[in-house]
Amino acid sequence: MKLAVVGATGLVGSEILEVLDEHNFPYDELLLVASERSVGKQIEYKGKTHTVIGLADAVAAKPEIAIFSAGGSTSLEWAPKFAEAGTTVVDNSSAWRMDPSKKLVVPEINAKELSKEDKIIANPNCSTIQMVLALEPLRQRYGIKRVVVSTYQSVTGTGKAAVDQMMAERAGEEPEMVYPYKIDMNVLPHIDVFQPNGYTKEEMKMINETKKIFSDDSISVTATTVRIPTMGGHSESVNVEFKTDFDLAEVRNLLTKTPGVVVQDDPEKLLYPMPIHAHKKDEVFVGRLRRDESQANTLNMWIVADNLRKGAATNAVQIAEYLLANKLV
């Protein structure tokens, strides 16, 4: 069993290696793959020194699974080459998510759709993953008409350079600017590029990916995505209108029983999800559960998860685990 991690030197790539270790993912040979500028770099991992190789060499090695976290353009060029060599690619970028021929997978929701023929599998956007995982048991029980989501997203979602910008600003230094404005002590209602309809690409990802994962175009979704000067995870305020009425105690019970979801919802004890507590954890944390008193059949909820974990690395590793467990590779 050969496993390749493409983009192994990046923030998400490093997280993928951590998750593989924590999950005791079974492989015989690990290939650490990156762009030409990182080829030859030495990475210490699990007591062994690995030499980073290039993409062409990785394709030639014909790994059974390649977990990609190397950006959309790299995925568009190289994922098909791996697939042609017989490798199953789990891709973290946005390159294949809305391709109608590719599955967009959150394992707890729709991994059963996967088959041996799926050679390129898309990992959803980080902010979408945590939202749909929390919504899925409620969708199954009550049906969903409409979702209104506002996000509060960590700088880690942009990458190491964004973290460096924020920390330099915090230290009073002159940073290399990743964002168009200062991020420390500020909030940017702008993630990814603006689209002709006035939404950003990140907002449209949440709208379109939610419908695809749920296989339901009838669900109305609207999003406002915001970058805030935090690390540790993304937070979301979600207002969801159901097709039928709900019982708040039942909602809590359904969420408590959902694999991968942790309910933190006790206002009297000031218990609610926060990114500082979600950091380095695989679960999605849900709290502030309350009825929207302005509209029938509508729930307010607060959802937090480490965007580098369940939002990226953990979800990708879980897909790979499913492929192995079900003999799809």
Side-chain angles (χ1 to χ4, degrees), residues 5-18 33-38 41 43 52 67-78 91-95 97 123-130 149-196 198-206 209 223-236 274-276 278-280 304-316:
V5 177
V6 180
T9 57
L11 264 187
V12 176
S14 300
E15 207 72 33
I16 288 168
L17 293 176
E18 279 192 35
V33 190
S35 61
E36 287 304 314
R37 68 178 179 274
S38 295
K41 183 177 178 181
I43 294 179
V52 174
I67 301 178
F68 267 56
S69 185
S73 58
T74 300
S75 293
L76 284 171
E77 180 181 355
W78 286 95
D91 181 45
N92 260 304
S93 80
S94 61
R97 290 175 188 156
N123 214 37
N125 187 40
C126 47
S127 45
T128 305
I129 290 173
Q130 65 187 72
V149 55
S150 298
T151 71
Y152 306 74
Q153 295 182 223
S154 162
V155 294
T156 57
T158 310
K160 183 179 181 298
V163 175
D164 291 344
Q165 177 186 331
M166 184 180 77
M167 298 312 288
E169 290 168 348
R170 194 157 292 183
E173 299 165 1
E174 197 67 38
E176 282 195 37
M177 297 293 286
V178 176
Y179 299 118
Y181 300 100
K182 181 181 177 183
I183 183 61
D184 193 39
M185 303 289 285
N186 196 19
V187 168
L188 300 178
H190 168 197
I191 298 179
D192 215 324
V193 295
F194 282 98
Q195 304 295 290
Y199 286 76
T200 64
K201 196 173 177 183
E202 182 85 355
E203 289 159 353
M204 295 310 300
K205 286 176 193 173
M206 292 197 76
E209 291 176 23
T224 301
T225 58
V226 180
R227 188 75 65 191
I228 64 172
T230 56
M231 295 167 62
H234 292 347
S235 306
E236 299 172 346
M274 292 182 289
I276 199 168
H279 186 50
K280 292 292 183 184
V304 177
D306 186 327
N307 52 293
L308 298 182
R309 286 282 177 139
K310 184 55 181 171
T314 301
N315 200 74

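All values derive from a computational prediction rather than experimental measurement.
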Beyond-backbone contact of [X] with [Y], side-chain heavy atoms, under 4.5 angstrom:
{"X": "Ile16", "Y": "Asn92", "result": "yes"}
{"X": "Val163", "Y": "Met231", "result": "yes"}
{"X": "Glu169", "Y": "Pro229", "result": "no"}
{"X": "Ser35", "Y": "Thr74", "result": "no"}
{"X": "Val155", "Y": "Tyr179", "result": "yes"}
{"X": "His190", "Y": "Arg227", "result": "no"}
{"X": "Glu15", "Y": "Lys280", "result": "yes"}

Let me confirm one number: the [atom1]-[atom2] distance from [X] to [Y], rounded to the nearest 0.5 Å.
{"X": "Thr314", "Y": "Asn307", "atom1": "OG1", "atom2": "CG", "answer": "11.0 Å"}
{"X": "Ser38", "Y": "Ile43", "atom1": "OG", "atom2": "CD1", "answer": "8.0 Å"}
{"X": "Thr158", "Y": "Asp164", "atom1": "OG1", "atom2": "CG", "answer": "12.0 Å"}
{"X": "Ile183", "Y": "Met166", "atom1": "CD1", "atom2": "CE", "answer": "8.0 Å"}
{"X": "Glu203", "Y": "Phe194", "atom1": "CD", "atom2": "CZ", "answer": "7.0 Å"}
{"X": "Asp306", "Y": "Ser154", "atom1": "CG", "atom2": "OG", "answer": "8.0 Å"}

If I compare all heavy atoms of [X] with all of [Y], which pair ends up nearest, and what's the gap?
{"X": "Thr9", "Y": "Ala34", "value": "OG1-CB, 4.0 Å"}
{"X": "Ala168", "Y": "Pro175", "value": "CB-CB, 3.7 Å"}
{"X": "Asp91", "Y": "Ala95", "value": "OD2-CB, 4.1 Å"}

Subject >> Residues Gln165, Met177; criterion side chain to side chain contact (heavy atoms under 4.5 Å, CB included); working and verdict >> reply: CA-CA 6 Å; Gln165 177 186 331; Met177 297 293 286; 3.7 Å; yes

Main chain of [Y], side chain of [X]: is a donor-acceptor contact present, judged purely on distance under 3.5 Å?
{"X": "Glu77", "Y": "Ser75", "answer": "no"}
{"X": "Asn123", "Y": "Ala312", "answer": "yes"}
{"X": "Glu209", "Y": "Pro124", "answer": "no"}
{"X": "Thr151", "Y": "Glu236", "answer": "no"}

Original post:
Given Lys205, which of Asp192, Thr225, Thr128, Thr200 fulfils the side-chain hydrogen bond (donor to acceptor under 3.5 Å, both in side chains) condition?
Top reply: Asp192

Subject >> Residues Asn125 and Glu202: side-chain donor-acceptor under 3.5 angstrom >> reply: yes

Original post:
What residue among His234, Lys310, Arg309 forms side-chain contact (heavy atoms from CB on, under 4.5 Å) with Gln130?
Top reply: His234

Original post:
Counting only heavy atoms not in Leu76, do more than 12 fall under 6.0 Å of its CG?
Top reply: yes

Original post:
So with a 6.0 Å cut-off around NZ of Lys201, is the heavy-atom count from everything else above 12?
Top reply: no

